[in-house]
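Attaching a single structure in structure tokens format; questions to follow.
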There are 4 protein chains.
Amino acid sequence: MQLNFNSPIPIYMQMVDEVKKALARGELAPGDKIPSHKEQAQISKVNPNTVQKAYQEMEREGLTETLRGQGTFIKNDPTMLIQIRSEMAQAAVRQFIDEMQGLGMVPDEMERMLHEGLHPKGKKGGNNRDET
Amino acid sequence: MQLNFNSPIPIYMQMVDEVKKALARGELAPGDKIPSHKEQAQISKVNPNTVQKAYQEMEREGLTETLRGQGTFIKNDPTMLIQIRSEMAQAAVRQFIDEMQGLGMVPDEMERMLHEGLHPKGKKGGNNRDET
Amino acid sequence: MQLNFNSPIPIYMQMVDEVKKALARGELAPGDKIPSHKEQAQISKVNPNTVQKAYQEMEREGLTETLRGQGTFIKNDPTMLIQIRSEMAQAAVRQFIDEMQGLGMVPDEMERMLHEGLHPKGKKGGNNRDET
Amino acid sequence: MQLNFNSPIPIYMQMVDEVKKALARGELAPGDKIPSHKEQAQISKVNPNTVQKAYQEMEREGLTETLRGQGTFIKNDPTMLIQIRSEMAQAAVRQFIDEMQGLGMVPDEMERMLHEGLHPKGKKGGNNRDET
DNA sequence: GTGGTCTAGACCACA
DNA sequence: GTGGTCTAGACCACA
């Protein structure tokens with residue numbers, strides 16, 4: 001759970017995002033129990049109110065469900081996972097393209113820069129499908 | 001000057017960013033006068049103080065210089081332009097990669113998704129260097 | 001916190017200076033919490049925004065650090081103290097010399113006048129190392 | 001005429017000060033004609049209004065007198081010179097002492113620091129009356 | 001309560 | 001008109 005306390009993005013939003021990413025990465029699976037908001041608050045060195053707000057937001061978005069007295073659980077909906085993953089990825093792609101367009105970059109430049117970013121010192125001619 | 005009033009990112013920061021982008025795009029050139037903070041406030045429907053905060057931040061970052069009573073000008077440093085453009089682009093690349101990695105994407109997937117984002121209906125095989 | 005409301009030097013700058021002096025004098029120590037900007041505003045009979053501007057300037061100069069919701073603290077860097085003290089003292093010396101040179105004073109005159117300023121009615125011959 | 005356009009001290013005040021210093025240094029003598037405010041404005045790259053304000057202030061302080069159609073002249077009062085010189089010097093001394101006291105410096109330290117500032121690499125023991 | 005952002009608007013020095 | 005400072009006060013995220 002990476003949090004940036006100096007970011008203007010509210011911590012509770014960052015938390016929701018981190019949970020989504022953990023889901024997308026497969027580190028959290030449907031049905032998993034997540035720590036109580038008090039526990040999570042201690043782990044993240046964040047005020048319990050803030051965690052609670054994050055949990056409420058996740059519930060509102062249908063990511064989790066709460067069973068009173070038992071805890072909060074990732075919703076047992078396997079399709080959701082795939083959906084979140086592709087939603088977030090596409091949002092990232094869109095944002096990247098917008099940002100680069102805002103800088104006056106054309107598609108080729110974007111692809112080239114991404115490629116270089118992914119393969120820092122690599123020869124960029126060759127067949128990039130074999131690297132990584 | 002695109003501003004999102006609902007974003008958690010402060011308006012004054014968005015303004016600094018927009019000026020940087022305009023510079024990167026070549027819409028603003030070194031030595032150009034930018035509107036007075038009061039004028040810009042009217043244009044952007046924002047409080048003059050907010051614009052001033054943005055302008056002061058730009059000054060602090062060395063983007064602009066100010067002649068009291070005369071106005072604020074893009075600093076006459078042509079190298080700055082190129083630097084800002086590449087800085088901002090590289091930041092965007094890095095952020096994109098981080099975000100995608102956070103979602104468990106591997107480099108190939110990132111490149112493929114970007115390619116698809118750039119050429120929505122396009123055949124995705126072939127030699128992408130000749131399209132656009 | 002001595003403020004001169006008629007000085008052309010902005011209040012917020014005077015405040016930064018006063019904090020630096022308090023540090024140099026040892027009245028503020030690394031790690032100390034300083035009053036919230038609202039509290040300080042009441043104490044100094046100044047608008048909270050003005051105090052905040054001073055605090056932000058101090059942060060920008062690396063004098064303080066801020067924990068959101070917790071307060072603003074003198075940075076915990078003991079070397080900073082000594083550095084500030086000597087920086088400010090040397091700046092004062094330089095300014096004094098410049099000023100006096102601007103008046104056509106030679107070094108000896110400067111030293112003599114300072115000595116007299118420090119020991120108003122004193123015999124100025126003798127060994128000044130034993131006075132004070 | 002040294003002017004600092006970024007100083008919070010108004011330019012017209014800086015101008016008055018510079019004239020006083022020139023007087024103290026003997027670069028301007030009683031009875032001397034000083035440039036017209038328009039001329040001076042061009043020389044100093046300052047708005048004529050600003051120079052005029054400086055000249056008015058000097059007149060108000062009894063430094064100069066204006067003969068209509070002839071120009072502005074340093075007042076023909078030789079005692080004034082000496083008075084200004086010692087006034088300004090004493091003000092500088094007082095300010096220096098205050099500043100250093102504000103930093104917690106004791107008189108000896110002030111004298112030593114001034115001495116070192118005046119004789120940068122010099123041996124500080126010996127008889128400083130013979131140096132310079 | 002604490003810091004951060006923002007609006008609304010006054011007044012000043014300077015061009 | 002232009003930038004700079006300041007007051008007054010609202011609202012928000014977070015502790």
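Computed from a predicted structure; not experimentally measured.
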Let's see if you get this right: which residues in residues 41-52 of chain A place a heavy atom under 4.0 Å from DNA chain F? Asn47(A), Thr50(A)
Minimum side-chain heavy-atom gap Arg60(A)-Glu57(A) below 4.5 Å: yes
Is any side-chain heavy atom of Val51(C) closer than 4.5 Å to one of Ser44(C)? no
Is the CD atom of Glu27(B) crowded by more than 12 outside heavy atoms at less than 6.0 Å? yes
Specify whether Phe96(A) and Phe96(B) have parallel, tilted or perpendicular ring planes, treating 30° as the upper limit for parallel and 60° as the lower limit for perpendicular. parallel
Under the salt bridge (charged side-chain N to carboxylate O under 4.0 Å, His left out) rule, collect the residues that match up with Glu65(A), sequence neighbours excluded. none
Between Tyr12(D) and Val46(D), is there a side-chain heavy-atom distance shorter than 4.5 Å? no
Can you give me the dot-bracket string for DNA chain F, 5' to 3', counting Watson-Crick and G-U wobble pairs with both distances under 3.5 Å, using [ ] for crossing pairs and | for partners on another strand? ||||||||||||||.
Can you sort out which residues in residues 9-21 of chain C have a heavy atom within less than 4.0 Å of DNA chain F? Ascending by number, please. Pro10(C), Ile11(C), Tyr12(C)
Report yes if the side chains of Tyr55(B) and Pro35(B) come closer than 4.5 Å at any heavy-atom pair, otherwise no. yes
Atom pair OG1/CG of Thr64(B) and Asp32(B) - distance to nearest 0.5 Å: 12.5 Å
With a 4.5 Å limit on heavy-atom distance, are the side chains of Met88(B) and Asp17(B) in contact? yes
Between Ser36(B) and Phe5(C), just flag the one whose closest nucleotide in DNA chain F comes earlier from the 5' side. Ser36(B)
For Gly69(C) and for Arg68(B), find the nucleotide of DNA chain F with the closest heavy atom, then tell me which residue's nucleotide is more 5'. Arg68(B)
The complete set of side chain to side chain donor-acceptor pair (under 3.5 Å) pairs with one or both residues in residues 81-96 of chain B, sequence neighbours excluded, reads Gln83(B)-Glu87(B)
So where does chain A start and stop touching DNA chain F, 5' to 3', when the test is distance under 4.0 Å to a non-hydrogen atom? dA13(F) to dA15(F)
Does some side-chain heavy atom of Gln40(B) sit less than 4.5 Å from a side-chain heavy atom of Ile34(B)? no
With a 4.0 Å cut-off on heavy atoms, is Lys53(C) in touch with a base, just the backbone sugar-phosphate, or nothing at all? sugar-phosphate
For a 4.5 angstrom cut-off between non-hydrogen side-chain atoms, does Gln2(D) reach Gln14(D)? no
Do the non-hydrogen side-chain atoms of Val16(D) and Lys20(D) ever get within less than 4.5 Å of each other? yes
